[in-house]
Structure formats: structure tokens, C-alpha cells
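Reminder, nothing fancy here: chain letters follow the sequence lines and each chain counts from 1. As a basis for the values below, the full set of heavy atoms in this structure was taken, side chains included, without hydrogen atoms, waters or symmetry mates.
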2 protein chains.
Amino acid sequence: MARNVEFNEAAAIQKAMEVFWKKGYNATSLRDLTDAMQINSSSLYNTIGDKQQLFLRCVQHYTDIRKQDWDKRLSSKRSALSVLVDYIHEAVNIIINGEDSCMAVKSAFEVATNDERVKQILVADDQRSYQFLHDLIKKAMDKGEICNDEDPALLADYFNSTWTGWYESYILHKDPVKIKRMAEYFIKQLTK
Amino acid sequence: MARNVEFNEAAAIQKAMEVFWKKGYNATSLRDLTDAMQINSSSLYNTIGDKQQLFLRCVQHYTDIRKQDWDKRLSSKRSALSVLVDYIHEAVNIIINGEDSCMAVKSAFEVATNDERVKQILVADDQRSYQFLHDLIKKAMDKGEICNDEDPALLADYFNSTWTGWYESYILHKDPVKIKRMAEYFIKQLTK
DNA sequence: GATATTCTGAAACAAATGTTTCAGAATTGT
DNA sequence: ACAATTCTGAAACATTTGTTTCAGAATATC
């Protein structure tokens with residue numbers, strides 16, 4: 001009976017996510033967003049909602065992408081240890097070559113304390129990240145690829161929280177070698 | 001020949017720091033600040049400057065306090081290892097009992113990427129933190145309190161970046177046991 | 001093609017933002 | 001007490017903020 005939405009919502013969310021990711025929630029204005037999304041604010045409010053709802057969608061989108069990556073890696077036929085080591089190396093590359101820090105980390109510090117719904121999305125994301133590491137560590141232990149004298153749950157927790165500090169270090173020092181050396185030590189701890 | 005400044009600048013900076021610390025830079029308005037500082041914006045602009053300059057002073061103040069703490073601990077007569085272990089335990093307590101995350105960490109992610117002067121203050125702070133850890137680790141190694149088969153510079157870098165992830169973890173999960181277990185593992189790695 | 005419905009664009013909205021103004025109060029050294 | 005100078009308070013400033021309005025363009029169904 002009526003007209004359809006003209007703009008591509010998925011593409012618009014992607015664009016908005018990029019802006020939020022780069023500038024953070026509070027430093028991003030609605031003009032910044034509508035400019036990047038190439039839609040009018042009336043369209044935004046008619047479909048997605050206000051700034052907060054848009055941000056939720058963007059954080060959700062960001063964590064969805066990560067989930068896909070973890071799922072893909074977990075379904076690999078290769079050894080758990082090599083999947084883990086590859087993942088660590090790629091995480092380092094993202095830190096070193098990425099334009100911005102992890103959006104989940106930035107959002108945790110900037111908005112999660114004040115916005116329960118953002119926090120919930122990030123908690124779910126963090127649990128998936130934890131589960132990913134835990135699965136691989138457990139599998140590698142069971143197959144004797146790594147030493148199993150440590151609780152895999154503890155190791156997963158510990159390693160899961162480690163990346164965050166590497167992002168901070170790279171913001172401050174922009175020193176790729178520093179990150180790489182920490183990653184090597186990290187892997188050495190695992191494998192020894 | 002003329003009137004003196006009426007308000008206590010140090011106390012005002014302290015108050016402003018608390019607001020910035022809690023809300024972050026962008027979410028803090030000048031009204032928030034002048035309310036907390038109990039001064040008029042004209043006085044603020046006459047003495048300290050604009051919002052950015054005030055923030056710089058606050059971050060500087062925050063890192064000054066940390067420096068004092070490190071200096072005090074370094075001058076302790078006790079063994080390097082026990083100073084280090086105590087410090088870790090107290091860091092955990094601050095994470096668990098503190099009202100907010102570390103202001104240096106929050107600021108690194110929110111503003112350091114866009115404000116070079118803030119970044120410089122945080123870099124200096126990070127270097128002091130690194131030096132503190134490095135000194136203790138080196139001393140503990142030299143006295144045979146901990147195993148010395150690892151480069152103290154690497155360990156200091158690695159441990160220095162570790163706290164940040166604990167803050168994020170605590171924001172998301174509010175789980176004191178999780179942090180404590182990671183800290184114990186951390187200490188165990190050091191001492192073994 | 002008519003019609004009913006929905007979307008879009010531009011403008012307008014009030015409120016909040018960071019900052020400035022300035023008259024008058026306050027305090028210093030003389 | 002004087003005079004010169006500086007600080008303070010309240011109000012005003014122009015922008016920018018997030019959000020809403022609404023007339024008209026667009027389209028899916030009949």
C-alpha cells in the first residue's frame with residue numbers, strides 16, 4: 001500500500017559504526033552520523049530510532065562480525081594450538097595496522113558503565129571471546145599440544161583480558177615491536 | 001595592587017578531576033565542572049583556561065598522585081618482591097573497590113588519540129609505571145627472589161599492560177574473584 | 001490509474017554547549 | 001583612605017546539540 005524504505009539499512013549501520021568507532025559515542029554528533037550514513041535524520045528516527053538505539057545497533061553489528069570470525073576459526077580442521085597461535089598473530093596485526101582501537105574496548109570504558117544495554121552486548125561479546133579461547137586451550141591440552149597443569153578457564157580469562165592492554169600500549173607508544181614481543185612471550189607461556 | 005584569587009585552585013582541580021574521571025571528557029559539561037568546583041566560569045577561564053586546559057591539569061594531577069605512590073613504594077626498605085606483591089594486591093583492591101576505572105586508561109582510549117598533549121602526559125605516566133615495575137623486577141632478580149631467565153624489560157612491559165584488561169573485565173563482569181584469580185596467576189608466573 | 005499509505009528533505013525546535021562580556025565587588029600596596 | 005588593579009557573579013553569546021515537524025514526493029496494492 002505504500003512506499004518502501006529507500007536506503008540500505010545494513011550499509012547505513014556499517015557507516016555509522018565506523019564513525020562511532022573512530023570518535024566514540026559522546027564525541028559523535030547526529031550530523032556526523034547522518035552525513036556518513038547519507039540519510040536524513042527523519043529517516044533515521046523513523047527506522048532505527050535515536051542516537052542511543054543507533055549506537056546499540058552499531059555495537060551489536062561490531063560484535064556480530066567478531067562472532068562470525070570466532071565461529072569460522074573454531075570450525076577449522078587444523079590443530080587447536082595452531083588456530084590459537086594464528087589468532088594471536090592476527091590480533092597483533094589488527095592492533096598494529098588497524099586505524100583505531102577495538103570498538104568493544106573503547107565502548108566498555110566510555111559507555112558500558114552508564115548504559116546497561118551496551119554493557120549487556122559487550123558482556124555477551126566478552127563471553128564468546130572467552131569461550132573461543134577456552135575451547136582452543138582445552139582442546140590443545142587434551143591433545144597434549146600444550147602443558148595442562150593450569151586451569152584452562154583461568155588461562156582463558158587471563159588471556160582474554162590481555163589484549164586490552166596491548167591496545168592501550170599501542171595508542172600511547174605506537175611501537176609494533178613492543179606488541180610483538182609481548183605476543184611472543186604470551187605464546188611462549190602457553191606452549192611451554 | 002590588586003585582589004587575589006579567591007578559590008583554592010588545587011581543591012578545584014581535584015573536584016574537576018573527580019567529575020572528568022567519572023564521566024569522561026566528552027560527557028562532562030562545563031556546568032558539571034563549575035558546579036563541582038564551586039566557581040564561576042569567568043574565574044575558571046581567567047585562571048586555568050578552557051575545558052581542554054582544565055582537563056590537562058586534571059590528568060596531570062591524576063598522574064602526579066600515582067607518581068608519588070610509586071616513589072614511596074620504591075623507597076621502601078623491604079624486599080623488592082614483597083613490594084611488588086603488595087602493589088599487585090593493592091591494585092586489585094582498587095579495581096574491585098574503586099568507584100570508577102583508572103582515569104589514565106579511560107583517557108587513553110577516549111582522548112589520547114585526538115589530543116597530543118593528553119597523550120604526552122599519559123605516555124610519561126606509563127613510562128613511570130613501567131620503570132617502577134622494571135626496577136622491582138630487576139632488583140628481585142638480582143637478589144634471587146624470582147627466576148631471572150626472562151628479560152625484565154619484557155616482563156615489565158607485559159605486566160604494565162595487564163592491569164588495563166582487568167579494569168575492563170571488572171566493568172563488564174563485576175566479578176572480584178575473577179580479578180583475584182588472575183592476580184594470583186600473575187604473581188605465580190613471576191615467582192616461579 | 002487511483003488511492004492509500006509511507007518515506008524523504010528541509011526546516012525548525014528547544015535545550016544545552018563552550019565561551020565571553022562587563023559592571024561592580026574586593027583587596028592590595030602606597 | 002586612596003587608587004590601581006584584579007577577581008567574581010550573573011547574564012548573554014553564538015553554536016551546536018539531539019530531536020521533531022510536516023508538506024510533498026514516492027510507491028505498493030487495488
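- Note that CD1 of A:Ile146 is 8.5 Å distant from OG1 of A:Thr191, once rounded to the nearest 0.5 Å.
- Rounded to whole Å, atom C1' of C:dT17 lies 13 Å from atom NZ of A:Lys51.
- What separates CD1 of A:Ile39 from C1' of C:dG9 is a distance of 12 Å, to the nearest Å.
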Pairs: protein N or O with nucleotides 21-25 of chain D N or O, under 3.5 Å:
unit_1, atom_1, unit_2, atom_2, d
D:dA25, N3, A:Arg3, NH1, 3.1

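- Under 4.0 angstrom from either OP1 or OP2 of D:dA28 there lies at least one side-chain N or O belonging to A:Asn4.
- Ring pair A:Tyr62/A:Phe20: centre-to-centre distance not below 6.0 Å.
- Regarding A:Gln38, its CD atom lies at a distance of 17 Å from the C1' atom of C:dA10, rounded to whole Å.
- Per the geometry, CZ belonging to A:Phe55 stands 14 Å off P belonging to D:dT19, to the nearest Å.
- The cationic group of A:Lys51 lies under 6.0 Å from the six-membered ring centre of A:Tyr25 and within 45° of the ring axis, placing it in a cation-pi geometry.
- Atom CG of B:Leu30 is separated from atom C1' of C:dT20 by 12 Å (rounded to the nearest Å).
- Among the heavy atoms of the strands, none lies under 4.0 Å from B:Thr34.
- For the OP1/OP2 pair of C:dT19 and a distance below 4.0 Å, the side-chain nitrogens and oxygens of B:Tyr45 include at least one atom meeting the criterion.
- Environment of CD in A:Gln131: crowded, with over 12 heavy atoms of neighbouring residues, nucleotides or ligands closer than 6.0 Å.
- To the nearest angstrom, P of C:dT17 lies 11 Å from CG of A:Asn26.
- Here the straight-line distance linking atom CG of B:Leu122 with atom OG of B:Ser129 works out to 11.5 Å at 0.5 Å rounding.
- Between the CG atom of A:Asp35 and the C1' atom of D:dG18 there is a distance of 14 Å, rounded to whole Å.
- When the side-chain nitrogen and oxygen atoms of B:Ser43 are compared with OP1 and OP2 of D:dC7, none of them lie within a distance under 4.0 Å.
- The separation between B:Phe7 atom CZ and C:dA26 atom C1' is 15 Å, rounded to whole Å.
- The side chain to side chain contact (heavy atoms under 4.5 Å, CB included) test with A:Pro152 singles out one residue from A:Ile137, A:Asp135, A:Asp142, and that residue is A:Ile137.
- The cationic group of B:Lys178 lies under 6.0 Å from the six-membered ring centre of A:Tyr130 and within 45° of the ring axis, placing it in a cation-pi geometry.
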